[in-house]
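Take a look at the structure set out below.
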Amino acid sequence: MLTGLLLGIGLLALLALVAAGSGWVPGQERRAARAVHGGCLVIGLGFAGVAAAKLGMGLPEVPMALPFGPPWGAAVVALDGLSAWFLLLLGLSGASASLFALGMPPETGRVLVPFPLMLAGMALTLIAADGFTLLLGFEVMSFASWALIAADHAEAENRAAARRYLMFAVLAGACLVPAFGLLAGPAGSLEFSALRASPPEGWRAGAVLALGLAGAGAKAGLVPLHAWLPPAYRAASGPVSALMSGVMYKVALYVLARLLLDLCGPVQPAWWGVPLVVAGAVSALFGALRANMEAEIQPLLACSTIENIGFITLGFGLTLAFRGADLGPLAALAAGASLLHALNHGIFKTLLFLVAGAVRNAAGSQRIDRLGGLIHAMPVTALAALVGIGAAASLPPLAGFASEWLLLEALLAGWRVSDIVFQVVVAAATALVAMAAALAAAAMVRFFGLVFLGRPRSPRGAGAREAPLKERWALLLPAGLVVLLGLFPGLLLALAAPAIRVLAGPATPTPATPTPAPAGLVLVAGEGASTYLPLAVALLLALVLVTLWFLVRRRSTGATQRGPVWNGGFSDPPPFLHFGDPLTQPGAAGFAQPLRQMLGSALLGAREVVMMRPPGDPRPGHFAAHAADPTPGWLLMPLARLRDGIAARAERLRDLTIRGCLSLSFGTLVVLLALLAWLEAR
Amino acid sequence: MTFGQLPYDVAHLFGGGMLLLSFMLLYQRRVTAVINGLAIQGAILACAAAWQGGMQSAPQLYLTALIAFAAKAVLIPLALRVLIRRLDMDRTVDTAMGVGPSLIAGVALVALAILVVLPITTGARAIAREDLALALSVVLLGMLMMITRRNAILQVAGLMSMENGLILAAVGVAGMPLVVELSTAALVMVVLVVAGVFVFQIRERFDSVDVSLLDPHRGEGR
Amino acid sequence: MLTFGSIIVQALHLALVLAAAPLVVGLIRWLKARMQGRRGASPLQPLRDMLKLLRKRPVLAENASMVSEVAPYVACTASLVALACIPSFSRGMLLAPVGDLILLVGLLALARMALALAGLDVGTGFGGLGAAREMSFAVFAEPALLLCVLTFAILAGTTNLDLIAATFRDGGLGLRVSLALAAVAMLAVAVAENARIPVDNPGTHLEVTMVHEAMLLESSGRHLALWEFQAALKLTLWLALLSAIFVPFGTAPTGAGPLAWVLGLAAWLLKLGALCFALAVFESAIAKMRVFRVPEFLGAALLLALLAAALLFVSTGLA
């Protein structure tokens with residue numbers, strides 16, 4: 001099985017080579033694109049199949065040492081429950097994105113080469129069983145995605161986004177490498193089994209926590225390390241951003257979970273959960289609020305990703321806390337919530353980004369203020385989008401709700417950790433999570449309502465056509481999955497049991513205890529007292545809907561009549577505006593106005609400037625609204641200043657005399673030797 | 001002596017009501033509404049004192065209740081109202097800190113009160129602890145109100161609310177000596193402050209020109 | 001669970017709330033009119049309005065999509081399913097295991113989202129304004145509600161409504177300050193969710209400050225009837241929820257006989273009537289607030305709910 005996975009990774013690398021080679025032969029782009037994306041589709045499905053087989057049949061975990069590796073030992077790969085769960089997500093999301101890309105006009109070599117490489121890097125990270133291989137895969141993923149972001153490098157904005165992304169990727173690496181180094185400790189072996197055997201203690205444990213959180217958080221976009229995220233998405237195309245948002249952050253979160261929940265051992269104290277809970281709740285709030293302010297659809301969805309990443313991190317934090325307080329079942333509940341949400345979010349965010357890609361291809365823009373009314377031109381895409389926003393807004397009975405139900409149940413049980421500070425933190429986190437969920441719903445209404453409903457806002461948008469057949473299938477596949485995942489979360493949790501055991505410790509029951517009759521169809525929490533029956537709810541809703549429809553239609557006359565828009569009695573637009581006066585429609589900034597005033601001005605430094613002309617001046621007044629995320633200012637500006645300072649300092653070294661240069665090297669040598677002597681003496 | 005016993009529950013509920021009213025005082029934007037809230041808080045304090053008097057069979061607490069009701073629920077609010085009408089003062093609340101932030105700060109203060117009360121009462125019953133936490137919260141919220149509001153009348157309101165919290169703590173503890181004296185003394189102090197504000201306002205309005213000349217330099221709007 | 005009695009109770013409950021929903025709206029209107037010195041229309045008037053609207057042919061805007069036609073059914077369905085799970089005269093209904101408070105929040109969100117999308121469908125200024133405000137108010141109302149749920153979950157150990165009602169009735173919890181604070185918070189949320197004064201004015205049309213009605217400006221005929229019915233269902237839902245949690249007395253226990261049902265029915269009608277009366281008094285006594293004070297109003301509710309939970313930690317955490 002592992003051989004198959006490694007073969008898949010090798011094939012992906014080969015595809016990248018093929019794509020790179022095709023760049024030399026003119027006129028072969030179309031064929032190369034088809035080969036690359038087709039190959040990715042097949043391999044993605046293969047990954048998903050292997051992972052599902054591993055989870056479903058409970059195959060044993062056999063680590064495999066590769067014949068090559070770093071100088072100090074062989075590279076080791078293995079597939080345990082946690083890896084398999086994330087691999088399943090990678091396969092499903094990667095296959096959807098590849099299928100969508102097959103239907104699109106062919107991409108250039110700049111995208112075709114790194115696309116399979118990124119998939120390969122993520123897969124390698126997931127199946128790695130030693131620190132070196134994991135970091136190797138992680139960095140391959142980082143640099144491949146950097147190349148994808150920088151693909152459209154003609155615009156200065158995209159170049160800046162790619163540069164900023166690279167900075168954060170380097171930061172993530174710079175934090176994760178020492179984290180693994182500290183874990184390895186004196187023994188020096190980076191193999192996971194060796195790391196698990198000697199969990200860190202004291203300051204080392206604290207340092208691993210801080211470094212791991214910063215490293216994985218920078219890659220996953222946790223606040224305040226999220227500054228790179230929204231601009232990066234402005235540049236990326238639909239399938240690429242779907243892959244990044246659906247899977248890449250999940251891989252970063254996988255590293256976080258692997259590092260803090262698995263490798264650090266089950267003995268860490270309960271307060272370890274607090275930083276994760278706080279970071280998760282704050283990320284959820286900030287991400288969801290920013291999603292309400294963004295003017296373009298891909299950054300909007302990217303901000304909603306920050307929110308969901310926050311939810312997942314919060315779940316991991318709760319798992320740590322419950323485990324530290326010896327509350328096994330609750331830890332399993334929280335871990336199940338996180339894992340389920342990771343999968344659900346991976347699928348529905350893939351769907352939404354593919355929808356964004358379809359809209360961009362069809363209507364030629366991703367600015368909300370140039371779109372509108374697309375439901376008439378693109379009904380299938382609109383239907384898929386509706387499913388996606390329902391899940392993203394966590395509406396029952398769709399996918400997002402099931403995992404959020406579990407997460408909220410875990411939060412509501414947070415008071416069982418008998419430490420009043422933690423209890424208050426969890427209560428506040430509950431409020432923030434609920435607020436973030438409502439904000440996400442608002443953002444999704446804004447997304448769907450302004451892009452698909454209403455009237456077109458630009459001539460180009462009015463000329464949009466439905467997406468081609470392959471793209472439509474690529475949309476309907478994840479849309480169907482979202483519905484299925486929402487209806488059978490209990491079965492999924494049963495499938496995730498091996499992964500939950502890795503996170504919450506062995507011998508913990510899963511939240512979906514197979515109760516007598518409807519095994520796996522019920523989600524259970526609170527010692528069995530709280531239940532969520534998604535299938536029953538869905539059937540109930542369908543039954544009531546059909547009955548209501550039938551009754552109302554029997555009573556009411558059939559046909560509806562069409563008439564001009566009433567609009568509160570306002571007059572018709574002038575005839576040269578064929579699709580109505582765009583100014584009478586709510587715009588992207590206008591829809592965000594209440595939230596901007598209520599929360600944005602306090603949290604995001606949002607400002608509104610209204611410029612009214614003096615009486616008698618016929619020129620139009622002017623209104624401008626903008627929101628600036630303060631965290632880049634807090635975080636990046638000092639760092640940039642530090643960099644400039646160091647650079648200036650280093651510049652001075654160039655002016656040294658030869659004697660000075662020599663003494664510098666000599667001094668360095670002596671210091672290093674002294675360090676060696678001191679280390680050996682210990 | 002735990003939850004579920006009516007006498008204690010009712011006493012407890014009175015404490016909760018006072019806390020709720022403290023938040024309402026922070027929330028209000030109209031001076032008259034603040035005074036109404038203050039009057040209700042005084043009335044609840046009187047009820048709490050009377051209830052405790054019945055529970056502890058301590059007749060002197062009835063006296064406290066009577067004083068609290070007469071002075072805090074009726075006389076002082078009346079006087080403040082007259083003051084506002086006579087002097088035609090600004091009816092809206094002038095805040096140094098917005099309503100939202102001060103509410104959040106208030107919740108933080110309550111959390112602080114809980115954190116402080118918990119360790120020092122580890123031996124006590126759960127309900128006594130919660131009572132003490134409530135009273136301390138009322139005191140802290142009163143102080144917060146004095147800090148975050150510019151208007152003198154509102155500062156008096158904050159002071160009175162603070163003092164209400166003190167008395168609530170005093171009447172809640174069985175066998176506390178000098179409760180009546182304490183409440184009377186505090187009351188006298190409040191009355192003195194009200195009188196002081198009264199005099200000050202009058203002087204500011206009708207006295208020499210100097211004060212009004214100095215006004216712009218005080219850094220605070222009236 | 002699947003006993004004959006539970007099915008009967010569920011069917012009776014459904015019939016009861018379906019009949020009660022328009023009456024609740026009519027009763028509040030009538031009470032308000034009496035308090036303001038008018039004679040007022042009969043409490044049956046909303047029912048008559050709805051029946052009349054049902055018979056009228058709906059007029060859709062030229063560019064209205066399927067959303068306008070489907071959304072009212074979805075919203076009504078979500079509200080009705082939510083209402084079907086809230087115990088009225090008796091506990092132990094067929095749907096009791098489904099009646100989870102978090103699910104209830106989700107169903108309310110579903111109805112709200114359908115309403116907001118319907119408001120945006122035609123692309124008019126009023127609809128967009130109402131949708132934006134409706135979704136923004138929920139940002140404060142939802143966390144307040146969930147913190148109330150946290151309080152209940154700590155006291156009852158579950159989020160299932162039926163079990164919470166049972167615990168609050170028989171659990172000997174007494175009067176708790178936390179519950180009182182949660183009750184105040186939940187009342188504020190109920191007022192906001194139902195677009196009542198002081199958050200929104202259910203009686204206005206075409207006013208810049210309105211929220212709920214602004215989204216319905218383009219709907220007519222059976223769609224409008226459904227929207228009005230949905231609003232009535234939601235109001236009934238909140239009143240029933242408040243009475244089920246905070247005044248669970250008189251409700252017939254699981255597996256009781258018809259006599260207990262009759263008593264429970266009388267108690268429920270009494271409770272609902274009292275709540276209607278209180279709402280009418282409140283609405284007559286208070287003025288509508290500015291839109292941008294609503295976050296303060298709901299934020300205060302949120303903080304009170306947080307306080308309720310924090311006070312519970314004091315008494316349960318280390319006691």
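Below, chain A is the first sequence line, B the second, and so on; all start at residue 1.
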What distance separates C:E142 CD from C:L147 CG, expressed to the nearest 0.5 Å? 11.5 Å
Heavy-atom contact with chain A under 4.5 Å, split by part of C:A131: both
Counting heavy-atom pairs closer than 4.5 Å to chain A, which one of C:L150, C:D121, C:L146 comes out on top? C:D121
Checking A:R455 side chain against C:G123 main chain: does a donor-acceptor pair fall under 3.5 Å? yes
Side chain to side chain donor-acceptor pair (under 3.5 Å) for C:T151 and C:S178? Distances and angles first, verdict last. CA-CA 7 Å; C:T151 305; C:S178 296; over 6 Å; no
Is the distance from the ring center of A:Y532 to that of A:F401 below 6.0 Å? yes
Which pairs pass ring-ring contact (aromatic ring centres under 6.0 Å, His included) with one or both residues in residues 417-451 of chain A, sequence neighbours excluded? A:F448-A:F452
Please find the pair of heavy atoms, one from A:P534 and one from A:P397, that lie closest to each other, and give the distance. O-CB, 4.2 Å
Under 4.5 Å from any heavy atom of chain A, what part of C:L306 do you find: side chain, backbone, both or neither? side chain
Do any N or O atoms from the side chain of C:R57 and from the backbone of A:T560 form a donor-acceptor pair under 3.5 angstrom? no
Max heavy-atom pair count under 4.5 Å with chain C, selected residue of A:A413, A:A382, A:S556: A:S556
Non-hydrogen atoms of chain C under 4.5 Å away: do they reach the side chain of A:A440, the backbone, both or neither? neither
Honestly, the part of C:L302 sitting under 4.5 Å from a heavy atom of chain A is side chain
Heavy atoms, side chains only, cut-off 4.5 Å: are C:C148 and C:M186 in contact? yes
Can you check whether C:D100's main-chain N or O pairs, donor with acceptor, with C:T159's side chain at less than 3.5 Å? no
Is it the case that the side chain of C:R133 and the backbone of C:V291 share a donor-acceptor pair, with hydrogens and angles ignored and the cut-off at 3.5 Å? no
For A:V537, is it the side chain, the backbone, both, or neither that has a heavy atom closer than 4.5 Å to a heavy atom of chain C? side chain
Does anything in residues 425-434 of chain A reach chain C? List residues with heavy atoms under 4.5 Å apart, or say none. A:A427, A:A428, A:T430, A:A431, A:A434
Would you mind checking which part of C:L60 comes under 4.5 Å of any heavy atom in chain A, side chain (CB onward), backbone (N, CA, C, O), both or neither? both
Sort C:L101 into side chain, backbone, both or neither according to what part of it lies under 4.5 angstrom from a heavy atom of chain A. neither
Decide yes or no on salt bridge (Lys or Arg N to Asp or Glu O under 4.0 Å) for C:R112 and C:E193, but give the supporting numbers first. CA-CA 9 Å; C:R112 184 186 312 125; C:E193 281 276 309; 3.0 Å; yes
Considering only heavy atoms and a distance below 4.5 Å, find which of A:P396, A:G414, A:G449 pairs most often with chain C. A:P396
Okay, A:I375 and chain C: the region with an atom under 4.5 Å from a heavy atom over there is side chain
Below 4.5 Å from any heavy atom of chain A, which atoms of C:L80 appear? Answer side chain, backbone, both or neither. side chain
Of the listed C:L110, C:N160, C:L120, C:V122, the one with the largest count of heavy-atom pairs under 4.5 Å with chain A is C:L120
Given A:G372, A:P379, A:A536, A:P564, the one with more heavy-atom pairs under 4.5 angstrom with chain C than any other is A:P564
Please classify the contact of C:V59 with chain A as side chain, backbone, both or neither, using a heavy-atom distance under 4.5 Å. both
Counting distance only, does the side-chain N/O of C:D200 pair as donor-acceptor with the main-chain N or O of C:V211 below 3.5 Å? yes
Give the intermediate values and the outcome of side chain to side chain contact (heavy atoms under 4.5 Å, CB included) for residues C:R222 and C:L53. CA-CA 6 Å; C:R222 59 169 175 267; C:L53 277 173; over 6 Å; no
Nearest-0.5 Å distance that lies between atom CG in C:L233 and atom CD in C:E228: 12.0 Å
When A:A393, A:A559, A:G590, A:S394 are compared by non-hydrogen pairs under 4.5 Å with chain C, the top option: A:A559
I need the minimum non-hydrogen distance between C:T167 and C:A156, along with the two atoms involved. OG1-CB, 3.8 Å
Okay, A:L599 and chain C: the region with an atom under 4.5 Å from a heavy atom over there is side chain
For C:V67, is it the side chain, the backbone, both, or neither that has a heavy atom closer than 4.5 Å to a heavy atom of chain A? side chain
Is it the side chain or the backbone of C:N63 that comes within 4.5 Å of chain A heavy atoms, both, or neither? both
From CG (C:L54) to NE2 (C:H223), nearest 0.5 Å: 10.5 Å
Using 0.5 Å steps for rounding, measure from the CG atom of A:L408 to the OG atom of A:S530. 11.5 Å
Please state whether the side chain, the backbone, both or neither of C:A305 comes within less than 4.5 Å of a heavy atom of chain A. neither
For C:P58, is it the side chain, the backbone, both or neither that has a heavy atom under 4.5 Å from a heavy atom of chain A? both
Counting only non-hydrogen atoms closer than 4.5 Å, does C:L163 touch chain A with its backbone (N, CA, C, O), its side chain (CB onward), both, or neither? side chain
Between C:A138, C:A132, C:A109, C:G128, which residue shows the highest count of heavy-atom pairs closer than 4.5 Å to chain A? C:A132
